[in-house]
Protein chains: 2
Amino acid sequence: MLTERQLLILQVIIDDFILTAQPVGSRSISKKDVVTFSSATIRNEMADLEEMGFIEKTHSSSGRVPSEKGYRFYVDHLLSPLSLSNDEIRTIRDAFDDKMLEFERVVQKSAGILSDLTNYTSIILGPEVFETRLKQLQIVPLSAQSAIAILVTNTGHVEHRAFNIPVEILSEDLEKMVNILNSRLQGVPLVKLHEKLHTEISDLLEKHTQHHEKAFSYLKAALMDEHSTKLYIGGKTNILRQPEFRDLEKVRSLYATIEKENEMADLLRSEEEGIHVKIGQENSFDAMQNCSLITASYTLGDDQVGTIALLGPTRMEYNRMFSLMNVLSKHMTNTFRGWY
Amino acid sequence: MLTERQLLILQVIIDDFILTAQPVGSRSISKKDVVTFSSATIRNEMADLEEMGFIEKTHSSSGRVPSEKGYRFYVDHLLSPLSLSNDEIRTIRDAFDDKMLEFERVVQKSAGILSDLTNYTSIILGPEVFETRLKQLQIVPLSAQSAIAILVTNTGHVEHRAFNIPVEILSEDLEKMVNILNSRLQGVPLVKLHEKLHTEISDLLEKHTQHHEKAFSYLKAALMDEHSTKLYIGGKTNILRQPEFRDLEKVRSLYATIEKENEMADLLRSEEEGIHVKIGQENSFDAMQNCSLITASYTLGDDQVGTIALLGPTRMEYNRMFSLMNVLSKHMTNTFRGWY
DNA sequence: ATTTAGCACTCAGTTAAAGCGAGTGCTAAC
DNA sequence: GTTAGCACTCGCTTTAACTGAGTGCTAAAT
C-alpha cells in the first residue's frame, strides 16, 4: 500500500506532467509548497513508486513520467473533482440555450463544444436504433421518371432517397401504394422494416396489379439502405496540437483508426453507462496506444443510450474532462428529455 | 524567347522535381537519354533559365527547383496531355456505374474518388442555388407539440427542420396552411422564398384566424435557415502525405483555411468555366503559398455550374490531374444531364 | 530509524568542428 | 558552340566536447 507521502508525490508528478508534458524531477517536486521534505527524500520515494510501477523514467537519468498504471491509479483514487470555470459553464449553457429540436443539431453542436473546450477530439455516437420507429413515409414526385422517398421516424429523423419510377407506373398508383404502406408500417421499428416489408408484400400483390411489384421493389431499395448509427466527430485537427503527436506517422494512423466508423462505433457502443476512461493499452487499437478515451453516456427518451467520447493523449486533464463531460451529457439528456 | 534546348531542360527539371521533390542537378539531367549534351552545357543553360526566373536554387550550390513562374510556363506551354491508366479509368467508370440519383451522393462520391486517385485534397462546390425551386413543402407531426417541416426542391434536395407547434394551433390548421403555402410557393426559387413569404403573408392573415400568424412565424423560422451552397471535401488527411507539409504549423494553417467554408466557396465560385490552375502566390490565401489549386467546372441541368477543385503542393502532377479532373467533371455533368 | 546534504555518475541535447558529396561557375581546350 | 576539368560552395552527417537536469548512493544529521 502507498503511504500518504507517496500518494502526494505521485499526485504532484502526474499533475505536473499533465500540465507540462515534461518528465518531473525530484527537485522541482520539492519546490512545491505542499511538499515539505527534501529532494533526496523524494528521490527515495520515487524509486519506490517506480518499483511499484506507477512511474517510469524516459532514460536512466531523467525525471519521472507517469506509467499507464500510474494514470489508472490517479484516475481511480487521486482525482479531485474540479468545478468548471464560469467561462466554460457559460459556453455550454449558451449553446444549449437556443431551442434545438433536432437530434443531429444537438449532437453536432455538443461535439463542437466539447472539442473546442478541450482541444481534444470529440466523438459522439447516436443511440441504438432499436427503438426508432417509422412515423411516416412520403413520396414527392420530381418528374415523370423520378421521385423522392422520404422516411420520417418518431425521433424526428429524416431520411430520403431518390429513385426511378418505372415507366408503366402512374403516380396515382405510387400514391396508393404509399398510403397502404403508411397504414401498415406506421410505428414499426426501423430494424424490423425489412422483414415487415416482406410479409406485407404478398398482401399488396394480391390486392393490386403486377405493376406494383416493380414499383415496390424500387421503393424498397430506396428505403432499405443503411439506417446505421452515425458518428459525429468534432475537432479532428485538434490532434495536431498535442505535443505527443509531433510525429506525422502517428497522426496518420490515428486518423485512419478514427475513420473506421464501424469499429469506432462498436468500441463506443461497448461502453457501459456513466463516465469511464480507457488508458493507453487498455484501448484495443494499436494507434491508440498513447491515447486515452473518456466516454460518458447520455440518454434519449426513456431508455435509448448514446455515448460521447473524448480522445486525447494519455496525458489528459482528467478531472476537467470528467466535469465537462458530466455537465455536457446531462445537458444533452435534458434537452432530449420528453422528446418522444 | 526560349530555345528548344532550354525548353527541354526546363521540362526535364520540372518533371523530375514533380516526381522526386528533390532539387535537380545538371549531371542527373545529362543522364536522361532524351538529353544528348553534357552537364556543363546544361549548367550554362540552367544559369540562363535561372536568370529568366523559371528555376531557382535552394542554396548557392544546390540543384535547381522550379519557380512559380516556371510552373506557370510549364502548365501553359509544356504540358503533354497524359492519358489515364486503365486502373484509373476503371475506378471512375465503376463509381459512376451504379445509378446515383441524388446530387449529394454523386458529389460525395466524386470527391472521394478524386482524392483517392490523386492523394491530394479534393473540394467540390455545388452549383449556385439561383435556379433551385421549391417543389413541395410537407409537415409531419411528431407529437402534439412538435412537427417536422420538410422542404423538397426541384433538384431533389431535401431539407428538414423540427419546430414547436404553439398550443393553440390544431394540426388541421397547420395542414391547411401548408396546403396554401404549397399552392402559392411551388416553383418559387429558394432564394426568393423569403421575400415571397412576406408578400403572401398578408393574404393569409386576412383569410384566416390570428393563430396562423404564430404558426406561420414558427414555420418560417424553420424553413428560412441557410440554403447555402455546401462544400464537399475529400481526402483531408492526404495533405499529411506530402513532404512539403512536414511542418505541422503549415498543415494547421492550411486546415484552418480550408475550413473557412464561406471564403473557400467564394474562391471556387470565382473561377471561370473549364480547367484552371492557381499556382502558389496566385492564390489569395497565405496558407496556400506553397499550394496549387486546380479547378474544373461541371454542369448541372442546363446552366447551373459547379466547381470541383484539387488542392496540393505546387509540385503537382499537373498533366495527370488535368486528365483526371477533365474526365471526372464530364462524368458528373453526364450523370446530372437531364435530371431537371 | 528517518531525513538530508553532498557527490559521483548518467545521458539527452546542444554546440562546434571536420569531412563528405552533390552541385555550381568558370576557364581553357576541343 | 560544346565540353572537360577544377576550384569552390554549402547543406548534411558524423564526431567530439560540453552542459545541465536528474539520479543513486553514502555518510552525516536529526
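Quantities reported herein were computed from a predicted structural model and do not represent experimental measurements. Reminder, nothing fancy here: chain letters follow the sequence lines and each chain counts from 1.
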Dump every N/O contact between nucleotides 13-16 of chain C and the protein below 3.5 Å, one line per pair.
none

Before accepting this row, confirm whether a basic side-chain N of the pair A:Glu271/A:Lys278 lies closer than 4.0 Å to the acidic partner's carboxylate O. yes

Salt bridge flag under 4.0 Å for residues B:Glu45 and B:Arg64: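 The answer is no: the pair does not qualify as a salt bridge.
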
Among all residues two or more places apart in sequence or in another chain, which pass the side-chain hydrogen bond (donor to acceptor under 3.5 Å, both in side chains) test with [X]?
{"X": "B:Ser122", "value": "none"}
{"X": "B:Ser110", "value": "none"}
{"X": "B:Glu317", "value": "B:Arg320"}

With sequence neighbours left out, write down each residue that passes ring-ring contact (aromatic ring centres under 6.0 Å, His included) with A:Tyr120, or none if nothing qualifies.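 ring-ring contact (aromatic ring centres under 6.0 Å, His included) check on A:Tyr120 returns nothing, list empty.
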
With the threshold set at under 4.0 Å for non-hydrogen atoms, list the residues of residues 7-29 of chain B touching DNA chain C in residue-number order. B:Gly25, B:Ser26

Which of residues 48-70 of chain A sit near DNA chain C, with a heavy atom under 4.0 Å from it?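 Of all residues in residues 48-70 of chain A, the ones placing a heavy atom under 4.0 Å from DNA chain C are A:His59, A:Ser60, A:Ser61.
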
Suppose we screen for side chain to side chain contact (heavy atoms under 4.5 Å, CB included). Which residues come up paired with [X], at least two apart in sequence or across chains?
{"X": "B:Arg252", "result": "A:Leu240, A:Arg241, B:Glu249"}
{"X": "A:Leu8", "result": "A:Val12, A:Val35, A:Phe37"}
{"X": "B:Ser253", "result": "B:Ala287"}

Are there over 12 heavy-atom neighbours, none belonging to A:Glu273, within less than 6.0 Å of that residue's CD? no

Whole angstrom is fine here: how far is it from CD in B:Glu45 over to C1' in C:dG25?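 About 15 Å, once rounded to whole Å.
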
Let me have the donor-acceptor pairs involving side chains of residues 75-83 of chain B, under 3.5 Å, with sequence neighbours excluded, atom names and distances please.
unit_1, atom_1, unit_2, atom_2, d
B:Asp76, OD1, B:Arg72, NH1, 3.3

Protein-nucleic acid N or O pairs under 3.5 Å, nucleotides 3-7 of chain D:
unit_1, atom_1, unit_2, atom_2, d
D:dT3, OP2, B:Ser38, N, 3.1
D:dT3, OP2, B:Thr41, OG1, 2.6
D:dG5, O6, B:Arg43, NH2, 3.3

Testing B:Phe73, B:Tyr74, B:Tyr71 for ring pair (Phe, Tyr, Trp, His ring centres under 6.0 Å) with B:Phe54, which one passes? B:Phe73

